[in-house]
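A quick write-up on the structure given underneath.
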Amino acid sequence: MRWSLLFLLVVASACGRTKPVNGPPGKGQEVHEYVDPSQAQPPDENAPPGCTLRSVEDHTLPPMPRRPLDVLFVIDDSCSMGDDQQRLSDNFDAFFGPFRARQVDFHIGVVTTDMDATNRMGKLVPVPNSSPAATFLTNATPDLSSAFTSLVNVGSDGSSIEQGLGAASAALHDPLLSGENAGFVRRNADLALVFFGDEDDQSTVVIDDLVKDLHTLKDPNTITAVSILGLDSSFLCFPGLISGWRLAAFARAFGDHGETVICRSDYSDLMRTIAGRIVNSQCVVGLMRELTGHHSVHVTLDGQPTSYVENKPDDRFPHGSIEIEPCPEAGGQVQIFYDDCP
């Protein structure tokens, strides 16, 4: 898959001589620069004698031609969502960092979970104060940060019967697809759906039917689904329960192209990781062992030094992951070197 939603956080710090480049892009997140293993034996002055480095992991990155990307946010606009929408909008830079780094030609559109109000019901939310009037953001949108903030703050006075899957289905089917939402979905673009809410879907949409419809609309390898659910790590958030929600099942239906994030409040990390996986899915490498606990960790791409972002363990990658930056369009061979200290 060329990129994989929503999407989601990038935390973990490396030990020893691995060091941050350009500072941390988000809370608890570091970009790391390669250090030649020959210069790190032992990795630091506190390492025991005989501490050496060894290559323990090899990964192949497939080629990824740069493609346009259409991202549909499906945002819960019921009465409990005001603070969460604000936190989402506050992390514009974290989300758009990978888009800028890859120079992605993007469309960003928003629908809400309200299927009762006539101005919602799967219709793209108009971009506030846009001239000429627009229903989605692009690379050419003036003052993109402010526009994104205004767009995702959709309010919290929507229907209490959240129908995210129904809204996504309506947005991506006729009559809206060729009518009021025309121009958002492009034939040559990848498609990402990002669901964002604190309640499950209550629509009558059959998940398997919607997945099949989307695979008819797009090549399955070009679609990503991310469900960011629960939104809060308070005592009201039960991961075991939320993992059974319809929105979680929808994301799982896309296999490696889907992702579910449950009960998270660290939005800066979350949005950076989600965006990275949407844009650079083939450059996200799941690890066989965690990076923590080592004096030194070094990463090469085709035998040459490479920088990377380190992601903490999550449901998809229980030992954590790294994202190669910049992501090579031609693909390549990644090797991860760990120290082998007692």
Side-chain angles (χ1 to χ4, degrees), residues 4-11 27-28 72-88 91 110-116 120 152 154-169 192-211 214 223-274 277-278 286 311-321:
S4 141
L5 28 13
L6 179 265
F7 350 89
L8 310 144
L9 310 342
V10 193
V11 277
K27 177 183 177 183
L72 179 67
F73 279 89
V74 183
I75 300 178
D76 186 346
D77 62 342
S78 63
C79 62
S80 59
M81 285 295 297
D83 290 343
D84 289 295
Q85 292 172 16
Q86 185 59 50
R87 282 192 289 168
L88 174 63
N91 285 283
V110 171
V111 298
T112 78
T113 57
D114 188 341
M115 289 294 286
D116 293 330
R120 300 301 196 193
V152 299
V154 293
S156 55
D157 57 354
S159 173
S160 61
I161 302 175
E162 293 92 341
Q163 300 186 63
L165 293 178
S169 180
L193 293 87
V194 183
F195 294 85
F196 187 81
D198 62 1
E199 296 287 346
D200 198 9
D201 175 72
Q202 301 178 60
S203 71
T204 60
V205 169
V206 177
I207 291 174
D208 287 346
D209 289 346
L210 178 54
V211 172
L214 292 174
I223 303 176
T224 298
V226 177
S227 292
I228 305 173
L229 309 175
L231 304 185
D232 195 325
S233 56
S234 72
F235 70 95
L236 296 175
C237 208
F238 300 98
L241 173 64
I242 294 174
S243 64
W245 283 7
R246 280 167 49 82
L247 290 174
F250 179 76
R252 286 195 297 269
F254 288 83
D256 290 341
H257 298 218
E259 181 142 8
T260 301
V261 179
I262 296 173
C263 299
R264 295 293 295 270
S265 57
D266 53 342
Y267 281 28
S268 62
D269 291 337
L270 177 63
M271 298 315 296
R272 171 61 183 77
T273 298
I274 288 299
R277 291 181 184 174
I278 291 174
N311 304 333
K312 70 180 181 181
D314 56 25
D315 289 342
R316 184 176 177 191
F317 299 117
H319 297 298
S321 62

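The analysis underlying the following values was restricted to heavy atoms, covering all of them including side chains, and did not include hydrogens, waters or symmetry mates. Please read all numbers here as calculations on a predicted model, not as lab measurements.
With sequence neighbours excluded, the residues that form a ring-ring contact (aromatic ring centres under 6.0 Å, His included) with F250 are F195, F254. Partners of D157 under the side chain to side chain donor-acceptor pair (under 3.5 Å) rule, at least two apart in sequence or in another chain, do not exist in this structure. Taking D201 as the reference, S203, R246 meet the side chain to side chain donor-acceptor pair (under 3.5 Å) condition, with sequence neighbours excluded. Partners of E162 according to the side chain to side chain donor-acceptor pair (under 3.5 Å) rule, which considers only residues two or more places apart in sequence or in another chain, are S78, Q202.
For the pair L210 and V206, the minimum side-chain heavy-atom distance is 4.5 Å or more. Looking only at side-chain heavy atoms (C-beta outward), T113 and I161 stay at 4.5 Å or farther from each other. You'll find the side chain of L229 stays beyond 4.5 Å of the side chain of D198, heavy atoms only. In this structure the side chain of V152 reaches within 4.5 angstrom of the side chain of I75, judged on heavy atoms.
The heavy-atom pair separating L193 from A168 by the smallest distance is CD2-CB, 4.0 Å. When every heavy atom of A225 is checked against every heavy atom of A251, the shortest pair comes out as O-CB, 3.9 Å. Taking all atoms of both residues into account, the shortest heavy-atom contact from A248 to S227 is N-OG, 4.4 Å. In terms of heavy atoms, A167 sits closest to V111 at CB-CG2, 4.2 Å.
Between the OG atom in S169 and the CD atom in Q163 there is a gap of 11.0 Å [rounded to 0.5 Å]. Interatomic distance, CG of L247 versus CG of D200, reported as 5.0 Å (0.5 Å rounding). With rounding to the nearest 0.5 angstrom, the CD1 atom of I242 is 11.0 Å from the OG1 atom of T260. To the nearest 0.5 angstrom, D76 atom CG is 12.5 Å from I228 atom CD1.
For the residue pair D116 / S159, a side-chain donor-acceptor distance below 3.5 Å is found, with atom types taken as modelled.
Between the side chain of R252 and the backbone N or O of E259, no donor-acceptor pair lies under 3.5 Å.
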### Query
Passes side chain to side chain contact (heavy atoms under 4.5 Å, CB included), R120 versus D77? Steps please.
CA-CA 10 Å; R120 300 301 196 193; D77 62 342; 4.0 Å; yes
